[in-house]
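Everything quoted here is computed from the prediction, not taken from an experiment. The figures that follow rest on heavy atoms only: side chains count, while hydrogens, waters and symmetry mates do not.
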Amino acid sequence: HGMEHHIPQESGELLSQREKDVLALSVKGFINKEIADRLCVSLPTVVTHRKNITDKLGIKSVSALTVYALTHGLIKVEDI
């Protein structure tokens, strides 16, 4: 209760809203083509977003990205 406010949010602000969308769909198990279709963007755009996400966060593994997405409120446990 009220603890959320003590969690540093700066790392969450590294990502644009679109990158957060791509990350959330990625860790939910969608492949790049499905993400592109859902977000109405091209496949190369999704690939670029995913590269930017891993570069900005310094996280390459899907499991670590999933933990990041969970801890930053981008997805819920029941989404994965």
Discussion item. Measuring from atom CZ of Arg18 to atom CG of Leu23, what distance do you get when rounded to the nearest 0.5 angstrom?
Written reply: 13.5 Å
Worksheet entry | side-chain hydrogen bond (donor to acceptor under 3.5 Å, both in side chains) partners for Glu78, two or more places apart | none
Worksheet item: For Ile59, what residues pass the side chain to side chain contact (heavy atoms under 4.5 Å, CB included) criterion, not counting sequence neighbours?
Response: Leu57, Ala64, Leu65, Tyr68
Item to complete: Could you name each residue pair satisfying salt bridge (charged side-chain N to carboxylate O under 4.0 Å, His left out) that touches residues 55-77, not counting sequence neighbours?
Response: Glu19-Lys56, Lys51-Asp55
Response to the item:
The complete set of side-chain hydrogen bond (donor to acceptor under 3.5 Å, both in side chains) pairs with one or both residues in residues 38-49, sequence neighbours excluded, reads Ser42-Thr45
Worksheet item: Among all residues two or more places apart in sequence or in another chain, which pass the side-chain hydrogen bond (donor to acceptor under 3.5 Å, both in side chains) test with Asp79?
Response: none
Worksheet item: Among the clusters formed by ILVMFWY side chains lying less than 4.5 Å apart, do Val47 and Ile53 turn up in the same one?
Response: no
Worksheet entry | From Ile75 atom CD1 to Thr66 atom OG1, the distance as rounded to the nearest 0.5 Å | 5.5 Å
Practice prompt. Identify, with sequence neighbours excluded, every residue that meets side chain to side chain contact (heavy atoms under 4.5 Å, CB included) alongside Ser26.
Written response: Val22, Ile35, Arg50
Worksheet item: If you round to the nearest 0.5 Å, how far is CG of Leu74 from CG of Leu25?
Response: 11.0 Å
Item to complete: For residues Val62 and Val27, report the shortest heavy-atom separation together with the two atoms involved.
Response: O-CG1, 4.3 Å
Fill in: From CA spacing to verdict: side chain to side chain contact (heavy atoms under 4.5 Å, CB included), Leu39, Val46
CA-CA 9 Å; Leu39 299 179; Val46 173; 5.6 Å; no
